[in-house]
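Here the structure is a predicted model, which is why all the values come from computation and not from measurement.
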Amino acid sequence: MPSGLIALAMGGFGIGLTEFVIMGLLPEVSADFAVSESVAGYLISGYALSVALGAILLTAALTRFDRKRALLSLMVLFIVGNLLSAAAPSYEVMMGGRIIAALCHGAFFGIGSVVAADMVAPAKRAGAIALMFAGLTIANVLGVPFGTLLGQQLGWRSTFWAITAIGVVALVGITALVPTTPPAGTHGGLRGELHAFRNKQVWFSIALTVLGYGGMFGAFTYIAFTLTEVSGFATSSVPWLLIVFGSGLFVGNYLGGKAADRALTPALTWILALVTAVLVVFAATADNRAMTILSLFLMGAFGFATVPGLQMRIMNYASAAPTMASGANIAAFNVGNALGAWLGGLTIAAGLGFTSPIWMGAVVTAAGLVVLLIATAMDRPRAEAPADSTLVKI
């Protein structure tokens with residue numbers, strides 16, 4: 001295993017921690033800046049919007065640079081953003097810090113996916129991407145609970161100082177361990193990167209990511225209400241139940257990468273079918289605590305098992321110039337997050353109860369499966385042709 005993958009995973013860990021830990025610290029942030037809970041919540045939605053923008057705009061801006069230099073620039077941006085958040089004298093400055101840190105998120109994972117895949121043999125590319133994303137899953141399993149605890153004990157700013165330090169470690173690791181690569185724009189610069197979007201399968205991949213991942217995230221967005229109002233767990237149990245979910249993310253990310261390396265399209269087909277089935281079972285048995293715990297783990301496992309394959313798919317179909325397409329797919333994950341959360345919110349507002357976002361998630365994921373089946377049927381000549389030696393089997 002190339003040591004550079006560990007450095008990329010460390011960067012992913014810091015970025016994941018920045019994104020999610022704020023959820024557990026909103027009461028402290030809200031009180032410190034004397035803003036309402038809803039206004040404090042904009043620190044989350046503002047971050048998500050900036051991730052999607054950065055995934056497209058910053059990736060485009062960095063296509064003419066060596067990919068290692070681009071990653072280092074993004075980590076510097078990440079450090080500056082979290083430094084501003086840690087030292088922010090006002091809510092407005094902290095929002096600025098959140099936006100700056102978020103801008104690097106999508107571009108880092110987009111460019112990092114290409115760099116990770118290039119570090120290993122073609123048959124191990126999805127596994128390499130999964131290892132980079134492992135930092136994100138570990139952030140959910142361990143980083144968020146301990147980051148929240150640190151912020152509650154020593155003040156919320158201490159968490160962002162710690163994240164800043166993690167960013168510095170990742171910066172040093174990338175500098176020392178990630179090999180220098182050709183500029184992303186060697187295939188005709190930005191024009192060459194954009195040329196990849198003329199392939200309809202790239203657009204199918206983006207739609208598949210929005211729906212295939214958005215369904216799971218839509219179900220997860222309101223999970224605290226499901227756990228307390230339907231399953232009957234105490235509010236104090238929610239953080240520990242989220243660790244169960246996060247453990248599923250970690251396992252699913254690893255196994256999903258392995259499966260995608262063996263046979264990408266069959267793996268994605270089965271995983272999306274299993275995500276849909278788990279969501280249906282979860283929604284139907286959410287009043288049973290034992291089934292809820294099992295469903296939480298499986299929802300995380302199968303839901304995140306899609307990530308390496310979804311990222312690998314778009315990189316395969318944009319193989320001549322994958323950087324912009326990879327970044328666009330990271331943006332698609334966040335669009336899926338927003339879509340799933342919005343649709344789930346509509347079902348709750350309609351009075352359908354706190355299992356309704358899970359049912360809606362099953363519908364959205366099933367729609368993603370349909371998109372994959374249509375895309376595969378339209379691409380049958382390619383699928384039946386001899387495999388390109390530079391790609392994983394699809």
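Here the CD1 atom belonging to I314 is positioned 8.5 Å from the CH2 atom belonging to W203, to the nearest 0.5 angstrom. Put simply, CZ on R157 and OG1 on T164 are 12.0 Å apart, with the number rounded to the nearest 0.5 Å. A distance of 9.0 Å separates CD1 in I163 from CG in L150, rounded to the nearest 0.5 Å. One finds the CG atom of L71 at 6.0 Å from the CG atom of L8 (value rounded to the nearest 0.5 Å). Interatomic distance, CZ of R313 versus CD1 of I206, reported as 11.0 Å (0.5 Å rounding). Going from atom CE of M10 over to atom CD1 of I15 covers 12.0 Å, rounded to the nearest 0.5 Å.
Within the 3.5 Å criterion, the main-chain N or O of T355 finds no donor-acceptor partner in the side chain of T226. A donor-acceptor pair is defined here as one N or O able to donate and one able to accept, closer than 3.5 Å; such a pair exists between the side chain of K68 and the backbone of V178. Remark: side-chain polar atoms of T159 are paired, donor with acceptor, to backbone N or O of G147 under 3.5 angstrom. N253 contributes a side-chain N or O that, together with a main-chain N or O of A130, makes up a donor-acceptor pair within less than 3.5 Å. The main-chain N or O of R125 is found under 3.5 Å from a side-chain atom of D261 such that the two form a donor-acceptor pair. Here the side chain of N329 pairs a donor or acceptor atom with the backbone of L310 at under 3.5 angstrom. T365 places no side-chain N or O within donor-acceptor distance of the main-chain N or O of A362, the cut-off being under 3.5 Å. N199 places a side-chain N or O within donor-acceptor distance of the main-chain N or O of Y317, the cut-off being under 3.5 Å. A donor-acceptor pair under 3.5 Å links the side-chain atoms of S85 to the main chain of G81, judged by distance alone.
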Show me the side-chain donor-acceptor pairs of residues 271-281 shorter than 3.5 Å, one per line, residues at least two apart or across chains.
residue	atom	partner	partner atom	Å
T276	OG1	L272	O	2.9

- Start with the C-alpha gap between W240 and V244, add the side-chain angles, then the distance that decides, and say whether side-chain contact (heavy atoms from CB on, under 4.5 Å) holds. CA-CA 7 Å; W240 306 110; V244 173; over 6 Å; no

- Query: Step by step, would you call N82 with I100 a side-chain contact (heavy atoms from CB on, under 4.5 Å)?
  - Reply: CA-CA 8 Å; N82 282 286; I100 291 172; over 6 Å; no

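Considering only heavy atoms from C-beta on, I99 stays 4.5 Å or farther from Y47 through its side chain. With a 4.5 Å cut-off on side-chain heavy atoms, L83 and F160 do not count as touching. Counting only heavy atoms from C-beta outward, the side chains of M315 and I129 approach each other to under 4.5 Å. Counting heavy atoms from C-beta outward, S113 and M132 have side chains that approach closer than 4.5 Å. Side-chain contact check for T228 versus F354: every heavy-atom pair is 4.5 Å or farther apart. Contact annotation: the side chain of M94 approaches that of W156 to within less than 4.5 Å [non-hydrogen atoms, C-beta and beyond]. Residues L294 and F282 have side chains not in contact (no heavy-atom distance under 4.5 Å, counting atoms from C-beta outward). A heavy-atom distance below 4.5 Å is not found between the side chains of I293 and F297.
Under the 30°/60° scheme for interplanar angles, the aromatic rings of F220 and F245 are found to lie parallel.
Counted within 6.0 Å of CZ on F233, heavy atoms from surrounding residues, nucleotides or ligands total more than 12; the atom is thus considered enclosed.
Side-chain contact, D32 with Y91: no donor N or O sits under 3.5 Å from an acceptor N or O. In this model, no donor atom of one side chain and acceptor atom of the other lie less than 3.5 Å apart for S231 and R289.
Linking Ile, Leu, Val, Met, Phe, Trp and Tyr whenever their side-chain heavy atoms come within less than 4.5 Å leaves L177 and F78 in two separate clusters. Follow the hydrophobic side-chain contacts under 4.5 Å out from V370 and you reach L372 in the same cluster. No continuous path of hydrophobic side-chain contacts links W270 to L373 [ILVMFWY only; heavy atoms under 4.5 Å].
Closest of all the heavy-atom pairs between A139 and G16 is CB-C, 3.8 Å. Nearest heavy atoms, A284 versus W359: N-CZ2, 4.0 Å. For the residue pair E19 and R98, the shortest heavy atom distance occurs at O-NH2, 3.8 Å. Residues G12 and F108 approach most closely at N-CE2, 3.9 Å, considering heavy atoms. Closest of all the heavy-atom pairs between F204 and A375 is CG-CB, 3.6 Å. Of all the heavy atoms in A207 and V371, the pair that sits closest is CB-CG1, 4.4 Å.
Between R67 and D118 there is a salt bridge, since a side-chain N of the basic residue sits under 4.0 Å from a carboxylate O of the acidic one.
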